K.L.:
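One structure is given below, represented as structure tokens, and several questions about it will come after.
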Amino acid sequence: MLTAGGRQFWPLDPRASEVDIDDIATALSHQGRYNGHTRHFYSVAQHSAEMARWFMAKRDAPMAREALLHDAAEAYVGDVIRPLKPFLPGFAGIEHGVEKAVRQRFGLAETLPEAVKQADTRILTDEFIALFPADALARFGLSARARLGIEIR
């Protein structure tokens, strides 16, 4: 594939040396969370930045860095919504390979820390409150008590 910065990237044979932060930032800022089905545009980049800010408010810079880059692979493979991923044979392996290259490029741990995984799940509630109709929480079995506690603007 050709990236926003004019570089070539091979999603099926990803190399850490070819991962570029500017390409990630550009692509994720153009991709809408929830496949674009929100009341107003909300990008994957903003989602990642909101999580990073939350960790920075807790004075946890290493987790903020992890949070900022937790969806970086989506810059190269797209943001496939959670309900579809299990039905796309081979996609998880491709995404994992790109994630591995991203994590290597930025010197991150081999696997995403549990604290970031939990924050990523909890932020769904904050996003649903801000981006969807009022009944969305109940329809998807989310509780306002599970919020990460940030306000999406």
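Keep in mind that what you see is a predicted model, and the values were worked out from it rather than measured.
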K.L.:
According to a hydrophobic-cluster definition based on side-chain heavy atoms being under 4.5 Å apart (Ile, Leu, Val, Met, Phe, Trp, Tyr only), do Leu12 and Phe91 belong together?
P.N.:
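Result: yes, single cluster for both.
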
K.L.:
May I ask whether Leu68 and Val77 are part of the same hydrophobic cluster, defined by side-chain heavy atoms of I, L, V, M, F, W, Y residues being less than 4.5 angstrom apart, directly or through others?
P.N.:
no

K.L.:
Honestly curious: do Leu131 and Ile123 fall in one hydrophobic cluster under the side-chain, below-4.5 Å linking rule?
P.N.:
yes

K.L.:
Taking Arg82 first and then Asp120, would you say they form a salt bridge - that is, a charged N and a carboxylate O separated by under 4.0 Å?
P.N.:
yes

K.L.:
Within a reach of under 6.0 Å around CD of Glu114, are more than 12 heavy atoms found that belong to other residues, nucleotides or ligands?
P.N.:
yes

K.L.:
Are Tyr34 and Leu84 co-members of a hydrophobic cluster defined by side-chain heavy atoms under 4.5 Å apart?
P.N.:
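Leu84 does not cluster with Tyr34.
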
K.L.:
Looking only at atom types and distance, does a side-chain atom of Arg147 sit under 3.5 Å from a main-chain N or O of Ile129, one as donor and one as acceptor?
P.N.:
no

K.L.:
For the pair Glu66 and Phe55, evaluate side chain to side chain contact (heavy atoms under 4.5 Å, CB included) and give the outcome as yes or no after the intermediate values.
P.N.:
CA-CA 9 Å; Glu66 288 276 0; Phe55 279 107; over 6 Å; no

K.L.:
Under 3.5 Å, side chain of His70 to main-chain N/O of Ala67, donor-acceptor pair present?
P.N.:
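Yes, because the side chain of His70 sits within donor-acceptor range (under 3.5 Å) of the backbone of Ala67.
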
K.L.:
Does Asp126 reach the main-chain N or O of Gly149 with its side chain, forming a donor-acceptor pair under 3.5 Å?
P.N.:
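Confirmed, Asp126 side chain pairs with Gly149 backbone.
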
K.L.:
Between CG of Leu69 and CZ of Arg65, what distance do you get to the nearest 0.5 Å?
P.N.:
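The distance works out to 6.5 Å.
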
K.L.:
What's the shortest heavy-atom distance between Pro86 and Pro83, and which atoms?
P.N.:
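For Pro86 and Pro83, the tightest heavy-atom pair comes out as CD-O, 3.6 Å.
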
K.L.:
Please tell me if the side chains of Tyr76 and Glu18 come closer than 4.5 Å, counting only heavy atoms from C-beta onward.
P.N.:
no

K.L.:
Just verifying a value: how many Å separate Asp71 CG and Glu99 CD, rounded to the nearest 0.5 Å?
P.N.:
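It comes to 8.5 Å.
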
K.L.:
Please round to the nearest 0.5 Å and tell me the distance separating atom CD1 of Ile21 and atom OG1 of Thr26.
P.N.:
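These two atoms lie 10.0 Å from each other.
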
K.L.:
Say you draw a straight line from CD of Gln8 to OG1 of Thr3; how long is it, rounded to the nearest 0.5 Å?
P.N.:
9.0 Å

K.L.:
How close do Asp23 and Ala75 get, heavy atom to heavy atom, and via which atoms?
P.N.:
O-CB, 4.4 Å

K.L.:
May I ask you to decide if Arg33's main-chain N or O and Asp79's side chain share a donor-acceptor pair within less than 3.5 Å?
P.N.:
no

K.L.:
Go through the steps for Val102 and Arg105 under the test side chain to side chain contact (heavy atoms under 4.5 Å, CB included), then give the verdict.
P.N.:
CA-CA 5 Å; Val102 167; Arg105 169 68 177 88; 5.6 Å; no

K.L.:
Which atoms form the tightest heavy-atom contact between Ser43 and Ser29, and what is the distance?
P.N.:
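Closest approach of Ser43 to Ser29, heavy atoms only: CB-O, 3.5 Å.
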
K.L.:
Where do Ile152 and Gln46 land on the side chain to side chain contact (heavy atoms under 4.5 Å, CB included) test, with the steps shown first?
P.N.:
CA-CA 9 Å; Ile152 308 296; Gln46 183 178 350; 4.2 Å; yes

K.L.:
Taking atom CD of Gln104 and atom CD of Glu110, what is their separation to the nearest 0.5 Å?
P.N.:
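Reported value, rounded in 0.5 Å steps: 9.5 Å.
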
K.L.:
Return the minimal non-hydrogen interatomic distance between Phe41 and Gly32, and the atom names on each side.
P.N.:
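So the minimum-distance heavy-atom pair works out to CE1-CA, 3.7 Å.
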
K.L.:
Looking at Asp20 and Asp22, would you say the former's side chain and the latter's main chain have a donor-acceptor pair under 3.5 Å?
P.N.:
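Yes, Asp20 side chain to Asp22 backbone: donor-acceptor pair under 3.5 Å.
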
K.L.:
Give the minimum heavy-atom separation between Met63 and Ala115, together with the two atoms involved.
P.N.:
SD-CB, 4.3 Å

K.L.:
Does atom CZ of Arg59 have more than 12 heavy-atom neighbours from other groups under 6.0 Å away?
P.N.:
no

K.L.:
Is a donor on one side and an acceptor on the other found under 3.5 Å between the side chain of Glu50 and the backbone of Ile150?
P.N.:
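Judged by distance alone, no pair lies under 3.5 Å.
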
K.L.:
Would the distance check show the side chain of Arg103 and the main-chain N or O of Thr111 forming a donor-acceptor pair, the cut-off being under 3.5 Å?
P.N.:
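Checked: pair present.
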
K.L.:
Check for me whether the distance between the ring centres of Phe140 and Phe132 falls short of 6.0 Å.
P.N.:
no

K.L.:
Indicate yes or no: at least one non-hydrogen side-chain atom of Met1 is less than 4.5 angstrom from one of Pro11.
P.N.:
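Met1 vs Pro11: side chains touch.
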
K.L.:
What's the shortest heavy-atom distance between Ala101 and Ala16, and which atoms?
P.N.:
O-CB, 3.4 Å

K.L.:
Would a hydrophobic clustering, with Ile, Leu, Val, Met, Phe, Trp and Tyr connected at side-chain separations under 4.5 Å, put Val98 with Leu108?
P.N.:
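Yes: a chain of side-chain contacts under 4.5 Å links Val98 to Leu108.
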
